[in-house]
Amino acid sequence: MLNIVILAAGLGKRMQSDLPKVLHPIAGKPMLAHVLDNARRLNPDRIIVVVGHGAEQVQAGFADQSDLDFVIQRPQQGTGHAVQQAVPLLRDSGNDSDATLVLYGDVPLVQSETLSRLLDARADGMAVLTEKLADPAGYGRIVRDGSGRVVRIVEHKDASAQEHAINEVNTGILVAPTASLKNWLSRINNDNAQGEYYLTDVVGLSVQDGVAVSAAHPGAGWETLGVNSRIQQAQLERIWQGEQARRLLELGVTLADPARFDVRGSLTCGRDVFIDVGCVFEGRVELADGVRIGPHCVIKDAVIGAGTHIEAFSHVQEAAVADQARIGPYARLRPGADIGSHAHVGNFVEIKKSRLGEGSKANHLAYIGDAQIGARVNIGAGTITCNYDGVNKFQTIIEDDAFIGSDTQLVAPVKVGQGATLGAGTTLTKDAPAQQLTISRTAQKTIVGWVRPTKKS
């Protein structure tokens with residue numbers, strides 16, 4: 001039986017923010033959400049989040065996640081005190097295999113693979129996640145005996161000069177038998193420089209009770225980096241973006257510049273995908289084989305078909321684009337846009353909640369909303385579907401092979417029949433019959449003798 005306790009009660013004073021520290025984002029989602037994602041991959045029996053400063057905001061941010069239990073730590077008297085608040089909720093069958101893993105809401109990137117190694121290392125005893133640093137200043141030191149066994153952890157402020165020389169440090173992450181942990185937490189005290197109850201004191205108590213203490217190490221140094229300031233947040237953001245870029249490169253994706261690339265969600269790529277500089281991917285994005293993304297595009301919750309090109313400065317959100325399409329530059333696909341294969345959406349064209357059929361084109365300066373457009377349709381420059389009367393939305397239907405001339409307004413609800421042509425400048429308020437030319441213009445006339453006004457002195 002596995003309990004996971006996540007400490008998320010800190011103030012985060014150095015963040016200079018009204019937002020609780022654990023809600024500050026890395027890669028587009030709160031730090032606490034990253035910790036929860038990796039915690040859930042371990043299939044725990046219970047997840048307990050210890051909150052304090054901004055508790056209401058933190059709980060509200062995760063109110064839809066029914067697998068979480070929240071407990072409040074007030075006042076904040078150290079990490080040991082924080083875990084003590086979770087003790088009444090810890091599940092414990094009395095078996096030595098029952099374990100409690102302690103994580104931190106402001107250490108967002110520890111990976112589930114590392115946590116699995118830590119769980120394996122404990123072997124019914126206790127295990128701590130440690131790391132060796134060139135500069136261990138500020139970290140608790142791992143003190144081992146002559147046989148190399150962990151015997152205690154000493155905080156930096158309480159360490160002797162000899163202990164300061166130790167470069168193996170405590171990350172704060174540990175796992176212990178649940179029944180033993182409850183006992184040790186009841187025995188720790190605050191007799192230290194900070195006057196706090198240190199969770200690390202349970203290591204010494206474990207040794208006193210003859211319970212073995214093992215150590216495991218993270219797969220990468222960045223996994224145990226915490227965030228206490230905006231600077232550290234920005235540094236960790238770039239580290240994580242670099243790691244995501246590295247993983248994509250290993251899978252065969254071409255990134256024009258891995259340092260100018262952001263994933264704020266999940267990005268799945270096929271073979272021979274190319275991504276230019278400055279692109280941002282949010283939510284769940286899928287790029288099929290041969291997709292090319294031009295510079296400075298923003299793509300959110302979208303599926304892009306094989307061989308499609310998204311040109312520079314285009315925005316795609318909650319949309320689907322089929323194979324071999326051409327989007328942009330400067331195009332905007334809004335929620336509900338569904339672009340068919342071999343279709344073209346050009347510069348300064350906006351499409352919302354509409355289907356653009358196979359081989360159809362809207363190449364210049366158009367707005368298409370609440371429309372169903374068939375195959376091989378040409379949408380001329382300056383065309384607008386007038387879908388909103390100020391209260392309700394209405395649909396425009398344009399059937400296959402229609403030709404819509406430039407500067408046309410289609411006042412929905414309206415239908416353009418198959419193969420119909422709308423002359424440039426038409427304002428369509430009634431259905432246009434198939435295979436016919438429909439046009440609405442006032443007669444052109446010239447005013448003889450008209451004089452352009454001049455500015456009066």
Side-chain angles (χ1 to χ4, degrees), residues 294 309-317 319 321 325-448 450-453:
H309 290 191
I310 310 290
E311 304 295 348
F313 296 99
S314 294
H315 283 219
V316 179
Q317 178 180 359
V321 183
R326 296 294 180 270
I327 310 296
Y330 296 99
R332 185 181 182 196
L333 303 184
R334 292 173 58 193
D338 182 7
I339 310 303
S341 63
H342 296 86
H344 289 189
V345 178
N347 47 282
F348 306 106
V349 173
E350 179 179 349
I351 299 180
K352 177 197 73 73
K353 200 177 177 183
S354 298
R355 164 71 179 172
L356 184 66
E358 180 179 355
S360 291
K361 299 178 181 180
N363 279 328
H364 319 279
L365 300 162
Y367 170 71
I368 300 170
D370 296 284
Q372 292 296 314
I373 299 173
R376 300 173 300 281
V377 172
N378 183 83
I379 305 293
T383 294
I384 299 172
T385 58
C386 306
N387 59 324
Y388 183 49
D389 66 1
V391 178
N392 300 302
K393 299 286 184 72
F394 300 95
Q395 190 174 62
T396 297
I397 298 174
I398 303 176
E399 295 185 339
D400 296 349
D401 300 303
F403 183 96
I404 310 300
S406 298
D407 193 30
T408 296
Q409 300 85 47
L410 298 98
V411 183
V414 72
K415 177 179 178 181
V416 178
Q418 183 175 355
T421 298
L422 301 187
T426 293
T427 298
L428 192 71
T429 58
K430 299 178 182 179
D431 291 353
Q435 309 297 335
Q436 303 296 316
L437 170 64
T438 299
I439 189 168
S440 66
R441 295 178 186 162
T442 59
Q444 180 175 313
K445 60 182 178 180
T446 301
I447 309 300
V448 177
W450 178 83
V451 177
R452 179 179 297 170

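For reference, positions follow the sequence shown, starting with 1.
Looking at Lys352 and Asn387, their side chains come closer than 4.5 Å, going by heavy atoms from C-beta outward. With a 4.5 Å cut-off on side-chain heavy atoms, Gln418 and Gln435 count as touching. No side-chain heavy atom of Ile379 sits under 4.5 Å from any side-chain heavy atom of Ser360. Contact annotation: the side chain of Asn347 approaches that of His364 to within less than 4.5 Å [non-hydrogen atoms, C-beta and beyond]. Considering only heavy atoms from C-beta on, Asp370 stays 4.5 Å or farther from Tyr388 through its side chain.
Taking CD1 from Ile351 and CZ from Arg334, the interatomic distance works out to 11.5 Å, rounded to the nearest 0.5 Å. For the atom pair Phe403 CZ and Lys361 NZ, the distance stands at 11.0 Å (nearest 0.5 Å). The distance from atom NE2 of His315 to atom CZ of Phe313, rounded to the nearest 0.5 Å, is 9.0 Å. Leu333 CG to Glu350 CD: the interatomic distance, rounded to the nearest 0.5 Å, is 9.5 Å. In this structure, Leu437 CG and Thr421 OG1 are separated by 6.0 Å, a value rounded to the nearest 0.5 Å. The CD1 atom of Ile404 lies 8.0 Å from the CD1 atom of Ile373; values are rounded to the nearest 0.5 Å.
The pair Arg326-Glu311 fails the salt-bridge criterion, with no side-chain N (NZ, NE, NH1 or NH2) lying under 4.0 Å from an Asp/Glu carboxylate O.
Across every non-hydrogen atom of Pro433 and Ala420, the tightest pair is O-CB, 3.2 Å. The two residues Thr427 and Ser440 make their nearest non-hydrogen contact at N-OG, 2.8 Å. In plain terms, the two heavy atoms of Ser354 and Ala371 that are nearest each other are OG-N, 2.9 Å. Heavy atoms only, all atoms of each residue included: Leu422 and Ala432 are closest at CD2-CB, 3.7 Å. Pairing each heavy atom of Val377 with each of Gly374, the nearest pair is CG2-O, 3.7 Å. Nearest approach of Gln395 to Ala412, heavy atoms of both residues: O-CB, 3.6 Å.
Of the possible donor and acceptor atoms, one in the side chain of Gln409 sits under 3.5 Å from a partner among the backbone N and O of Asp407. Looking only at distances, a side-chain donor or acceptor of Thr385 sits under 3.5 Å from a matching main-chain atom of Gly369.
Under the side-chain contact (heavy atoms from CB on, under 4.5 Å) test applied with Ile398, the options Leu410, Leu356, Val414, Thr383 reduce to a single match, Leu410.
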